[in-house]
Amino acid sequence: MSKQEDIDWSHLPFDYHKTDYNVRCSFDGEKWGDIVVTDSENINLHMAAACLHYGQEIFEGQKAFRGKDGKVRLFRIEENCKRIQDSARGLMMEPIPTDKFIEMAERVVKLNARFIPPYGTGSSLYLRPLEIGVSPRVGVRASSEYLMVIFATPVGSYFPEGFNTTKVVIYREYDRAAPCGTGRWKVGGNYAGGLRATERAKSHGYSAALFLDPKEKKYLDECGPANFFIIEGDRYITPKSNSILPSITNISLQQIARDMGLKVECRPVPVEELAKADEAAECGTAAVASPISEVYDSDNDVHYVISKDGKPGPVVTELYHRLQAIQRGEAPDPYGWLREIDV
Ligand code: PLP
Ligand code: COI
């Protein structure tokens with residue numbers, strides 16, 4: 001293995017950093033081919049490719065961590081695999097076979113081992129799998145050929161604030177997805193659809209827009225880049241809706257919350273229930289568990305102040321530390337969430 005890259009590991013942004021290799025696999029209309037390793041950062045595409053015109057693009061995000069014991073582990077990669085297969089079915093794309101996806105993920109970690117941040121820096125190696133429809137299409141129909149790519153990039157905190165509170169904002173004039181649309185799949189178009197809200201939120205100092213259920217605008221859905229949960233007394237409450245991306249971090253935190261003796265409720269959460277929240281957070285692979293101090297309902301000019309002193313609450317803090325401890329091999333992995341990679 002070549003020597004560890006010379007990077008300021010503790011101050012990495014959540015952004016693209018060039019690594020050595022990425023891995024690719026193509027579906028030719030009948031079968032998936034062999035995994036190809038390349039150092040090219042570019043994809044050669046037909047200008048009429050279905051992904052460019054009709055949005056057949058899905059992706060994933062997961063992390064590999066270097067543990068306290070020096071070992072490298074991927075977190076719940078099988079869940080990401082199931083989700084990208086589900087996203088593929090949702091967009092009439094070809095689901096990649098499980099063994100192929102997992103082999104690609106393992107190989108990209110091994111091939112870029114010198115970019116896996118050291119233990120204790122708070123950073124990790126983020127994997128970004130993506131699948132696109134590549135057949136030339138002018139009439140609207142599904143592609144018959146597909147390309148799956150997984151690249152890796154070392155990342156730090158998603159929010160520059162790190163593990164500190166941020167504020168989020170509700171704007172009823174934007175949705176990220178339609179009520180029976182693509183919100184439950186990890187589709188690039190959902191993020192494009194949410195960008196106007198996201199950019200507006202950021203320009204006003206919020207970390208994200210908090211979207212409502214697009215049908216009735218009565219219930220909380222999720223944030224632009226992450227799921228949302230609140231803590232009310234001894235309850236972990238997270239929204240249930242057809243337009244939310246099922247977050248692997250959220251289901252993991254729910255399990256940890258149960259282990260901490262909390263009750264877990266996954267149900268429609270009316271906006272006004274924010275007034276009862278003791279704590280709130282955004283959660284996701286990139287966001288981990290990012291505490292929220294205030295939700296501003298801009299349409300009704302209501303400030304739901306969740307943390308009066310602006311500090312993260314005790315339950316979110318414990319959830320965050322417990323999850324990180326499992327991911328970094330500091331605590332046991334009782335549910336088999338980690339896959340050790342021999343780098
Ligand atoms: N919701 C959205 C819209 C996301 O982009 C993400 C990130 O992947 C999540 C939720 C969190 O999902 P996960 O915890 O699986 O990363
Ligand atoms: C992730 O958390 O992995 C995501 O894909 C969210 C993205 C907006 C960075």
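First listed ligand is number 1; within each ligand, the first listed atom is number 1.
- Checking C223, G284, G183 against atom 11 (C) of ligand 1, the nearest heavy atom belongs to G284.
- Taking each of S247, A286, A177, A287 in turn, the one with a heavy atom nearest to atom 12 (O) of ligand 1 proves to be S247.
- Inspection of the R200 and Y174 side chains reveals an N or O donor paired with an N or O acceptor under 3.5 Å.
- Scanning all heavy atoms of the two residues, the minimum distance from P312 to N164 falls at CG-CA, 4.4 Å.
- The pair K110-E106 fails the salt-bridge criterion, with no side-chain N (NZ, NE, NH1 or NH2) lying under 4.0 Å from an Asp/Glu carboxylate O.
- Residue contact check for ligand 1: G61 places no non-hydrogen atom closer than 4.0 Å to it.
- At least one test fails for R137 against the ring of Y54: distance under 6.0 Å to the centre or angle within 45° of the axis.
- The aromatic ring centroids of F65 and Y119 lie 6.0 Å or more from each other.
- Summarising the geometry of V149 relative to I43, their closest heavy-atom pair is CG2-CD1, 4.1 Å, with the distance given to 0.1 Å.
- Ligand 1 lies less than 4.0 angstrom from a heavy atom belonging to R83.
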What's the verdict on ring-ring contact (aromatic ring centres under 6.0 Å, His included) for F14 and F159, showing C-alpha distance, side-chain angles and the deciding distance? CA-CA 8 Å; F14 190 94; F159 298 117; 9.3 Å; no
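- The shortest N/O to N/O separation between C283 and ligand 1 does not fall below 3.5 Å.
- In terms of polar-atom proximity, N250 is not counted as a contact of ligand 1, lacking any N or O under 3.5 Å from an N or O of the ligand.
- Between the side chains of K276 and Y304, no donor-acceptor pair of N or O atoms lies under 3.5 Å.
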Apply the test side chain to side chain contact (heavy atoms under 4.5 Å, CB included) to residues L147 and R24: give CA-CA distance (whole Å), side-chain angles for both, the deciding distance (0.1 Å), then the verdict. CA-CA 7 Å; L147 172 68; R24 303 180 183 193; 4.2 Å; yes
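- Between the E57 side chain and the G188 main chain, a donor and an acceptor come within less than 3.5 Å of each other.
- With sequence neighbours excluded, the residues that form a side chain to side chain contact (heavy atoms under 4.5 Å, CB included) with A325 are E330, A331.
- Of the protein's non-hydrogen atoms, the one nearest atom 6 (C) of ligand 1 is P225 O, 3.3 Å.
- Near L245, meaning under 4.0 Å from one of its heavy atoms, ligand 1 places the atoms 1 (N), 2 (C), 4 (C), 6 (C), 9 (C), 10 (C).
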Could you check ligand 2 for N or O atoms lying under 3.5 Å from protein N or O atoms and list the pairs with distances?
{"unit_1": "ligand 2", "atom_1": "2 (O)", "unit_2": "A286", "atom_2": "N", "d": "2.8"}
{"unit_1": "ligand 2", "atom_1": "3 (O)", "unit_2": "Y126", "atom_2": "OH", "d": "2.6"}
{"unit_1": "ligand 2", "atom_1": "5 (O)", "unit_2": "Y126", "atom_2": "OH", "d": "3.2"}
{"unit_1": "ligand 2", "atom_1": "5 (O)", "unit_2": "R128", "atom_2": "NH2", "d": "3.4"}
{"unit_1": "ligand 2", "atom_1": "5 (O)", "unit_2": "K186", "atom_2": "NZ", "d": "2.7"}

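- Using bins of under 30°, 30° to 60° and over 60° for the plane-to-plane angle, the ring pair H303/Y296 lands in the parallel bin.
- In this structure, atom 16 (O) of ligand 1 lies nearest to the protein heavy atom T285 OG1, 2.5 Å.
- Each of D333, T249, L338, N80 was checked for a side chain to side chain contact (heavy atoms under 4.5 Å, CB included) with F75, and the lone residue meeting it is L338.
- Between Y191 and ligand 1, an N or O atom pair is found at a separation short of 3.5 Å.
- The option from S252, A226, A289, A208 that lies nearest to atom 9 (C) of ligand 1, judged by heavy atoms, is A226.
- A salt bridge links D297 to R172: at least one charged side-chain nitrogen sits closer than 4.0 Å to a carboxylate oxygen.
- Ligand-side atoms of ligand 1 in range of N227: 1 (N), 10 (C), range being under 4.0 angstrom from any heavy atom.
- Contacts between K186 and ligand 1 below 4.0 angstrom, taking non-hydrogen atoms only, involve the side chain exclusively.
- Scanning the protein heavy atoms around atom 1 (N) of ligand 1, the nearest turns out to be E222 OE1, 2.5 Å.
- Among protein heavy atoms, the minimum distance from atom 3 (C) of ligand 1 is reached at G224 O, 3.2 Å.
- At least one heavy atom of R176 sits less than 4.0 Å from an atom of ligand 1.
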